[in-house]
Every structure is written in structure tokens, then in C-alpha cells.
**Student:** 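Before I ask anything, here is the structure I am working with.
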Amino acid sequence: MSARRIDAGRRIDRSRTIRFTFDGHPYTGHPGDTLASALLANRVSLFGRSFKYHRPRGVIAAGVDEPNALVTVLRDDVREPNIPATMLEIHDGLTVVSQNRFPSLGLDIGAVNQVAGNLFSAGFYYKTFMGPAIGPLRGTRFWMFCEYFIRRAAGLGRAGLAKDPSRYERMNAFCDVLVVGSGPAGLMAAKAAADQGRQVVLTELDARFGGSANWSGETIGGAGAADWAEATVRDLAGRGNVRLLPRTTAWGYYDDNTIAALERVTDHKAAPAEGEPRHRHWTIRAGAVVLATGAFERPLVFPGNDRPGVMLADSAVRYAVEFGVLPGARIAILTNNDSAYRAAAALARAGATIVAIADVRADISAAAHELAAETGAEILTGHAVVATEGKALAAIKVQKFDAATRALSGDPRSIAADLLAVSGGWSPAIHLASQAGARPAWHDGLQAFLPPKPTQRWFGAGGFNGSFSTSRAIEEGRDAGLAASGATIGNGRLPDVGETEIDHHPAPVFEIRAKGKAFVDLQHDVTAEDVRLAHREGFVSVEHLKRYTTLGMATDQGKTSNVPGLAIMAEALGKPVPEVGTTRFRPPFAPVSIGALAAERYGDLKPERLTPMHDWHVENGATLYPAGLWFRPQIYGLPGETVEQAYVREAKAVRDHVGMVDVSTLGKIAVRGPDAATFLDRVYTNLFSTLAVGKARYGLMLREDGFAFDDGTTWRLGQNDFLMTTTTANAGKVMQHLEYFLDVIWPELRVSVTSVTDEWAGTAIAGPNARKVLEACVTGTAVDNATLPFMGIVHGEIAGVPVMICRLSFSGELAYEVYCGAGFGTHVWEALLEAGAPFGILPYGLEALGTLRIEKGHVTGAEIDGRTTARDLHLDWMLSKKKPFIGSAMMDREGLVAADRLQLVGLVALDDRALNGGAHVVEELDRARPHGSIGHITAACYSPALGKHIALALVARGKARHGTRAFVSDPLRDRFGPVEIVSHHFFDPEGSRVHG
């Protein structure tokens, strides 16, 4: 490969020089260069080593479809592997190393794998390391011995262990029309939508808008295509209703026209400006989407097709025209379609000598002949390349080829060339459309998969549709932009396009079978023989083929290999390609940094969920505590107070006066539909179909195996409208539980379930003065005992905000839960505080909440731990005898009704010392040799109502032990002492205060 700088290349700024290193060697480039173009300009042909055979590999593409040239970027101690050199813009100080080689790129001892090539065929790890029948490595031991070495050799780049100091951001955007791709089709779509006054977002994965206009050499609107693109982008940038997002990859298409995109904000800079993130993750919700994502040129499969110096034809043109780097001096062409002739003419105009054009077709079009004449090349129709020569390409071998029979004839002929530009046809980039929910459709003329029929409101244009002429792309872009805007598609004037009309329909040839390894998936070293081996071994499904051979499973997701691989499998099966089908495209379209997905939550293992009143809690001195995924106030401590002193004060305020707590974290699920009541009867152990509208009921769920699963209240808001509440920790599990039974077990039920946890802010008010607080601030409804009885529901307003109030209690006090829209949570919270000030109201946190529920004996997740039954928890009164329900068939198994099961009890410390959750309960105390556990403590506190240290516990035959003594044994915390076993209802067992 004799690459060199030429005078072309409007993308780069030759007035400035950039210095960077690759494998420790210094190089220079210019602003606008990618690492690939800069290294090619410095006559570097070897970029990396292949995954399995460690074969030398050069750059084959110029964009996101690059499978070979993967590098590791070093930033201080941070390593980021597997970055395509074609997508990495250079900057001063950039430090890059090649990967998957030892000790160096030029001399890699891993290349010895090529000698044992047959041992590394598809699925070799399943078949090669079977152990002997006898000896120390018999059975699986041999595999386990080999596994250590295989894992050390596996992979491409090596990730680092240092923390990433970069900052990442997440953004949400809303628009009327989102246009993905900024080639001629995308620019016209964005302009048409913007002209209609629509809010438009235009994303482009490259640094420069314009797509193929930047290197096509055509004219649009009387100007060079690149100039037309620049002018159109300037026009769009000046409009207030258009947002332009360069360096932004739309990587996922989700329901309701939600697009996930990654913006590379500062990867091209030596140092980010103050406040700039490295990456910004966008969640874009669009009214309509225009997919103008273009198409990928495909390679052909032939022996030696992976040698450095073999490149896609259009990519070679792009390097020459856009980057000013001629990738070869003596260039040969191999093709099955006319587009390679246009590439050959462009490369000849850039200064290359086109030595030969080998076309597998016996006859070519007049347009192809005309372009070929411009190059002065030898035209070898009915020929194919059967081999390549040289460490980097020095020569090719061509031979006569019959495209109909796939037969070779005659003697091979050698032609000196330092670059082989290949074109095997074009595959529309339909990945996002496929993600949106349908299978693509095969087009026999283009030998490619075209986009499916839309299942969401998207419109396609240009190469995405299989329309490869620029004039057609501009027309389709205009029409798609108008359709996405809801406007009538007209016949207005379009810019004139000066282009060479060629036929993009390729011959149905994907492989030239000759002696030597011919690679389909270049990154994973999957050969054509691997595909045929998978067929012989019975892996005939495309999904099985993919997994057995790893075809298309590399970082490029098979952008260049999928269609050739499927065509080879189809030939082996004797079936047409559409009958074989294609694998489903899944997100992400291109790799996404984990940092961008985490964004501001850098360092967190789990997302942080904050209630609508979170800022108020922080501003008012709350000590926050992680409860599941949520941050909740633990206490509202006064200066100098301990945690115990604070929660005792807060709990005492509830018992004596009134308190309020943020319960927004409770799971909330809307259950709606004609069969909602029937469904709830099956889900809960007790009846809900008899519940009156405007009332709530406490419910218990069991798992299928009869164990307790979750508890909570469900409110009947209408005849077919219920609001289910769950414990905070189990909200997600309950939702999955409901969806499973509706989707799998009872699909005939007309019910929808929707998580509305984040839609409601909730405040619980409890204490003797609770009703007085509501009477002072609620309008639109009375809250007296007649209007709002126990488990009743009313609707009213607080401080002008609509609220829903249910009278229920988990504290044993007169209590209410007040729900409002999440956006008004703080407003209502503050109004309740103001109304409660004359009555001594205090906010209280989780510690006081736990104390109140322990005193009352209410169970939570500590007791519903997956091992307890309704009877263990004394909730057997909730087990309906009138109906079956989930778990009813299994709840009476012998082991679940045994007399010696652990049952819920209360404990009172007789030595006036604190008890601890997890401590064992024993009948005989033995500090030296703790043994004989009869149960354990689930929750403990100091009870201000009783003036004692108390706990809830699960103890064998617990109810029969009421009034007896035992001991706590907690050797880890050196806590031993006597306790009395009592009822778990410590406080107001008659429930008189709840009904006060």
C-alpha cells in the first residue's frame, strides 16, 4: 500500500499540524483527520491483528462499519479498547496503541495460530478440549486446564482498571421530527420539516454533516455537492426550530418513537472546556422519525480478502476526496456492480493508476464502460480475484469466472497492485427500523434486505430505502420530511443533481471459491468454510449460525459480514436468501460507553431514585438513607441528637400529636379493565370483587409455591379502575408477577397493568390530631368520620392542588395517606406542614416509621422474606375459602402447616438493653458455644410508647410460647441476654386508636 497525501481533502485543515503517537511512534496529521486517514497518510498499512488467527489487518472501511482497525486509546491511566480508527478524530497528544498482539504489531507470536488453522474452526472450543477417559485430566478437568489459557488469549483490546475521570451527561429532548442521518436525503428531510415550522432534531454520527455529498464529486443545485451540503447546514443552523447534533450516533429505537443517541462531545479535543462532558447521552422523544441512514458497501469473499491493502471501493474514494489521502498508487478493482466504476474514475482523477477492473459479470452497462474508459484501466469482465500477495498487498491473482455457475477456468494471472478496492453491492442501514419492530424484506434485484413496513411513525429516504441515486435520495428526503410533518407531499421544485446514472443492481455473487482462507467476518475470523461447517453440523437457523460461528457478533455487529454470511448459508442449504432470513438487529447500533449510560450517576452501582419532596428533606436537615433504590429520610435530627434520640422524639410526636412521612416510594400500579376485579381476586388471597367503589382493602399476595410474597392496600377508584400499592422494595417484582400471569397464564383477561409509582407523590399523616390537620387545609370534601371512614377514599384539594385521600394506618394511629401529582408533591407537603403547625405536627423518617410499625406488629419485607407463610405471620384470616388464588393450591403442603414452623412473635428485652436484627433466639444461653437457635429477630427498636427495647422475631411454635422467657444470642456483636416472648401486637392491640 503506497498511500500518500494529495491536494484534495476539504475536510482537513492543512494550516495546522497535530502530533500523536501510535504504538509509541510519533506521527503527524491535520485537524479533521481520523486516526485511520492520518496513519494512511503516514504510509501505515498494518493497523491490528485478527481475533483468532492473529492475521495482519489493515483498514477496510472509512466509517462505523470498520471491522479491522480497532485500537486502544490511552488517557493517563485509563484504557479504552476497541475504538475503530475510522471513527477516532486525532488531536494533539492523542496516544493510541494497537491491540491483540504480543510482543508487537509487526511481530506477533499469536500468529502461530494460523499453522493450526483447522483446529480453530467454528465451535472449536466445544469440540477440541474433550478430556481423556482416564488420568488426572479426565472429563471436564482438561477443559478447565485449557480454559485458563483460552481466556487469557481471548478478546481483542484489554480494558484498564483505573477509574475514568471523565464527566458524562444525560439529556432529554422532544421534537416534532427527528431526522437520523445528514446525507442529501437527511438534509432535505430536515429542511422540509423545518419549512413547515416543525421542531426538528438532526443527528449525524460523523463529525461533518453532508454524508456522501462530501465525497461524491457530484453537483447539487448548480454547486458542488459538498458546497450545497454546507450551505444547507448553515441554513438549518440559523433556524430557531432546528437542533443539529454532529458526532451523534442514534443507537436504539424504542417504543413510542423514543430514540437513544450518543453524542461524542470532546473525544476530538486535547482537553475539554470547563463544564464539557466527554459524552452526552440523549433520549429523544419524537412525533415522527425520518431514517436517512444510508447504506453500507459490502465486500466480496475470496481467498486473501483480509490482507492489508484490500479496501471497500467507496471508502477508498472517501479517503482520497474527503481526507486528501490516496490510499494506493496502483489500484485494482473487484466488483459485481456498477458503483465500483464510479469509484475507479474518482480514484483516477485523484491521481491513482487504475491497473485493472475485474468484474464477475460477463457484460456491463454502457455507463460502466464510459467510466472505465476514463480510468484507462484494463477491463476484465467475467473475471474474479482468487488470491492476494505480499505482507501488505503487492499483487492480486485474477482468473476467469462464470457468475452463473460460480466456476473458475483458465490459469490465474498476477497483476501488481498496492490497493484492491472491492465492491460487492450495498446493504441499506436498516438497523434502527428493524429495532422498531419488524423483520426486513429481501430485494432480489439489489441482493439486499430493505426496511420493513413501519410499526411506528417513521419514514425512510435515500440509501436506507435502497435508492442509491442522489436525485432520488433528495426527492425521497423531501417527501419524508413533509410526511413526518403531517404536510401534503407536493411536486415542488427540487435542486438539480449532476450525477452519472449507474445501475446499482449487483450480480448475485458473494463468494469466489478458490484455494485459501476466505473471510466473511473479518473481525472474528469467520471463514466461508466455517459457515459451511456449521451447516454440515446441523446449525441451519440463522440464529444458531450466528452463535456457533460468532458471525456478526463482533463490535461492528456484522455490518459488512451479515449478508455475505447469510448468502453462503443459503447456498449450502439450497434455498434462496429470503427463505433463510436474517438475524434481528438489536441495540446498540454501535458501541455505547457505559459512562454515558450512567452519566451523572458516575460511581453508583444502582440508579438513585429521589422522591418529589427530596429537596425539601435535604434543605430541612434530613439524614438520608438508601432504602432499596430510593433515598429516604432516616431522621430529621436536631443539633447534637443521636439517631435513637431523634427517632424516639419523632415517634413520640406521632403518638401524642401528629406526624407526617413521605410515602411516595410505595409501589403504585394501576389495574384497569373489565376483568380487573376478577384478576385481583386471583392475585390476592382475599376478595376484591366485593370492594365498593371509593373504598380500599388490605391485601396479601402469595407466590405460586404458597409462600407470602407481598402485602399492601388496593383502592377501588371506579368499577373497573383500581390502584394497587405495594411495598417499596417489591414494586418491580410485583409488577413482573402481574404481567407474567396476564401474559402467560390468563391472556384472556381484559386487564391492563401500568406502573404509576412515579406519577404520584404520597404523604402519610398519623396521630390523634391527623383529622384536624386535614380539616384545616382540605377543600372540596369533608374528612369527618362519616364522609371518610376507615379504608374510605375521598377527592378534594389542598392549596389548590387536586388530592386523593385514603384513611388507612400502618402505625396504629388515626392516619391518612394523601396522594397528589408528583409535580405538586412539595407544594402539598408544605401546605400540610403549615396546616399542622398549630397541632404540633412533625415530619418523621424511616426510623420512626419502623418504630411505629414494630410497636403495632405490622409486617414488612423483613418478615415477608420468601420463607414465611400467611399462617406464620398470623395473616391466615386473609386466606379466602370462597375462591382459588395464586398459591392456594400449594399453601397447605405438609411442610407449610407443620406445628414447629417459625411464627411471628414479639420480644421484650428484660435487661433493658437494645436488641439487634439478625440475632438468634435460644432456649439455653451458652456464650462459649452458641447453639440451639429457635428463631431470629427480624426488626428491633426502642419503643417510646412502652419505654422498653422491643423486637419482632420469627420463633418456632411462637404463639405457644407467649409469656415464656428465652435468650438472645448474638456472638458477632457480643449481645446476650434474657427476653420475654409476647404477642407481636405490642401497642393498642384492640385498635381503638385507629378508629378514633
**Student:** Report the distance from atom OH of Tyr684 to atom CG of Leu700, rounding to the nearest 0.5 Å.
**Tutor:**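 If we round to the nearest 0.5 Å, Tyr684:OH and Leu700:CG are 9.0 Å apart.
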
**Student:** Do the non-hydrogen side-chain atoms of Leu875 and Trp877 ever get within less than 4.5 Å of each other?
**Tutor:**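 In contact.
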
**Student:** Centre-to-centre under 6.0 Å for His737 and Phe709, is that the case here?
**Tutor:**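 Yes, close enough.
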
**Student:** Can you tell me how the ring of Tyr819 sits relative to the ring of Trp715, calling it parallel under 30°, perpendicular over 60° and tilted otherwise?
**Tutor:**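 Judged by the thresholds at 30° and 60°, the geometry between Tyr819 and Trp715 is parallel.
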
**Student:** Return each pair, listed once, that meets salt bridge (charged side-chain N to carboxylate O under 4.0 Å, His left out) where at least one residue sits in residues 631-651; pairs must be two or more places apart or across chains.
**Tutor:**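 For residues 631-651: Glu641-Arg649.
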
**Student:** Do Asp675 and Arg750 make a side-chain contact, defined as non-hydrogen atoms from C-beta onward lying under 4.5 Å apart?
**Tutor:**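 Yes, at least one pair of side-chain atoms sits under 4.5 Å.
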
**Student:** With no hydrogens and no angle check, do the side chains of Thr728 and Thr665 hold a donor and an acceptor under 3.5 Å apart?
**Tutor:**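 On atom types as modelled, these side chains qualify, holding a pair under 3.5 Å.
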
**Student:** Hey, does Asp705 have a side-chain heavy atom less than 4.5 Å from the side chain of Arg893?
**Tutor:**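 They are in contact (side-chain heavy atoms under 4.5 Å apart), so the answer is yes.
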
**Student:** Is any side-chain heavy atom of Leu954 closer than 4.5 Å to a side-chain heavy atom of Gln903?
**Tutor:**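 The answer is no; the side chains never approach within 4.5 Å.
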
**Student:** I'd like to know if the side chain of Arg716 reaches the main chain of Leu691, judged simply by a donor and an acceptor atom lying under 3.5 Å from each other, with no hydrogens or angles considered.
**Tutor:**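 Side chain of Arg716 to backbone of Leu691: a pair is present.
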
**Student:** A side-chain contact here means heavy atoms from C-beta on lying under 4.5 Å apart; do Thr781 and His795 qualify?
**Tutor:**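 A side-chain contact under 4.5 Å is absent here.
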
**Student:** Working to the nearest 0.5 Å, report the span between CZ of Phe885 and CE of Met878.
**Tutor:**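 With rounding to 0.5 Å, CZ (Phe885) is 10.0 Å from CE (Met878).
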
**Student:** Check Asp988 with Arg993, please: is the shortest side-chain N to carboxylate O separation under 4.0 Å?
**Tutor:**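 Result for this pair is no, no salt bridge flagged.
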
**Student:** Side chains of Leu680 and Met724, heavy atoms from C-beta outward: is any pair under 4.5 Å?
**Tutor:**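 Answer yes - side chains close enough.
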
**Student:** Look at atom NZ of Lys772 and say whether more than 12 heavy atoms of other residues, nucleotides or ligands are closer to it than 6.0 Å.
**Tutor:**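 Counting other residues, nucleotides and ligands, NZ of Lys772 stays at 12 neighbours or fewer.
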
**Student:** Between Tyr625 and Trp630, is the ring centroid distance below 6.0 Å?
**Tutor:**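 Judged by ring-centre distance (under 6.0 Å), Tyr625 and Trp630 do not meet the cut-off.
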
**Student:** How far does CE of Met613 sit from OG1 of Thr826, to the nearest 0.5 angstrom?
**Tutor:**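 Spacing of CE (Met613) from OG1 (Thr826) equals 6.5 Å.
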
**Student:** Using a strict threshold of under 4.0 Å (side-chain N to carboxylate O), is an ion pair present between Lys668 and Glu759?
**Tutor:**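 Looking at Glu759 and Lys668, the cut-off is not met.
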
**Student:** Any sub-3.5 Å donor-acceptor pair from Lys948's side-chain atoms to Leu910's backbone N or O?
**Tutor:**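 Pair absent, no side-chain N/O of Lys948 close to backbone of Leu910.
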
**Student:** Taking the side chain as every heavy atom from C-beta outward, state whether His984 and Val905 have any pair of such atoms under 4.5 Å apart.
**Tutor:**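 SC-SC contact between His984 and Val905 ruled out.
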
**Student:** Could you check if a side-chain atom of Leu742 sits within less than 4.5 angstrom of a side-chain atom of Leu749, using non-hydrogen atoms only?
**Tutor:**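 Side chain of Leu742 against side chain of Leu749, heavy atoms only: contact under 4.5 Å found.
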
**Student:** Do the side-chain N and O atoms of Thr727 and Asp710 include a donor-acceptor pair separated by under 3.5 angstrom?
**Tutor:**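 There is such a pair (donor and acceptor under 3.5 Å, judged by atom type) between the side chains of Thr727 and Asp710.
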
**Student:** Side-chain donor-acceptor pair under 3.5 Å between Glu855 and Ser943, yes or no?
**Tutor:**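 Checked: Glu855/Ser943 side chains pair up, N/O donor to acceptor below 3.5 Å.
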
**Student:** Using the rule side chain to side chain contact (heavy atoms under 4.5 Å, CB included), only one of Thr685, Ile886, Leu702, Asp876 pairs with Met891; which is it?
**Tutor:**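 Only one of Thr685, Ile886, Leu702, Asp876 forms a side chain to side chain contact (heavy atoms under 4.5 Å, CB included) with Met891, namely Leu702.
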
**Student:** Does Arg961 pair with Glu980 as a salt bridge, N-O distance under 4.0 Å?
**Tutor:**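 No salt bridge links Arg961 with Glu980.
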
**Student:** Counting N and O atoms only, with roles assigned by atom type, does the side chain of Thr868 sit under 3.5 Å from a partner on the main chain of Ala708, one being a donor and the other an acceptor?
**Tutor:**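 No.
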
**Student:** Is the distance between the ring centroids of Trp829 and His617 under 6.0 Å?
**Tutor:**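 Yes, close enough.
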
**Student:** Would you check if the side chain of His931 reaches a backbone N or O of Asp926 as a donor-acceptor pair within less than 3.5 Å?
**Tutor:**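 No; zero donor-acceptor contacts below 3.5 Å.
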
**Student:** What distance separates Thr713 OG1 from Leu666 CG, expressed to the nearest 0.5 Å?
**Tutor:**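 Going from OG1 on Thr713 over to CG on Leu666, the span is 8.0 Å.
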
**Student:** Under a 3.5 Å distance rule, please check whether Thr787 uses its side chain to pair with a backbone N or O of Val783 as donor and acceptor.
**Tutor:**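 Side chain of Thr787 to backbone of Val783: no pair is present.
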
**Student:** Charged N to carboxylate O under 4.0 angstrom, Asp900 versus Arg957?
**Tutor:**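 A salt bridge is absent here (no side-chain N lies under 4.0 Å from a carboxylate O).
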
**Student:** So that I can tick it off, tell me whether Asp758 and Arg609 are bridged by a salt bridge, with the cut-off set at under 4.0 angstrom between side-chain N and carboxylate O.
**Tutor:**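 Asp758 and Arg609: salt-bridged.
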
**Student:** Check whether any side-chain N or O of Arg853 sits under 3.5 Å from a backbone N or O of Ser811 as a donor-acceptor pair, and report yes or no.
**Tutor:**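 Absent.
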
**Student:** Would you say Thr678 and Asp681 are linked by a side-chain donor-acceptor pair, where the criterion is simply a distance under 3.5 Å?
**Tutor:**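 Not at all, the side chains of Asp681 and Thr678 share no donor-acceptor pair under 3.5 Å.
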
**Student:** Do Tyr698 and Asp711 get their side chains close enough for a donor-acceptor pair, meaning under 3.5 Å?
**Tutor:**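 A donor-acceptor contact under 3.5 Å links the two side chains.
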
**Student:** When you measure from the side chain of Arg697 to the backbone of Leu687, do you find a donor-acceptor pair of N or O atoms at a distance under 3.5 Å?
**Tutor:**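 Yes; at least one donor-acceptor contact below 3.5 Å.
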
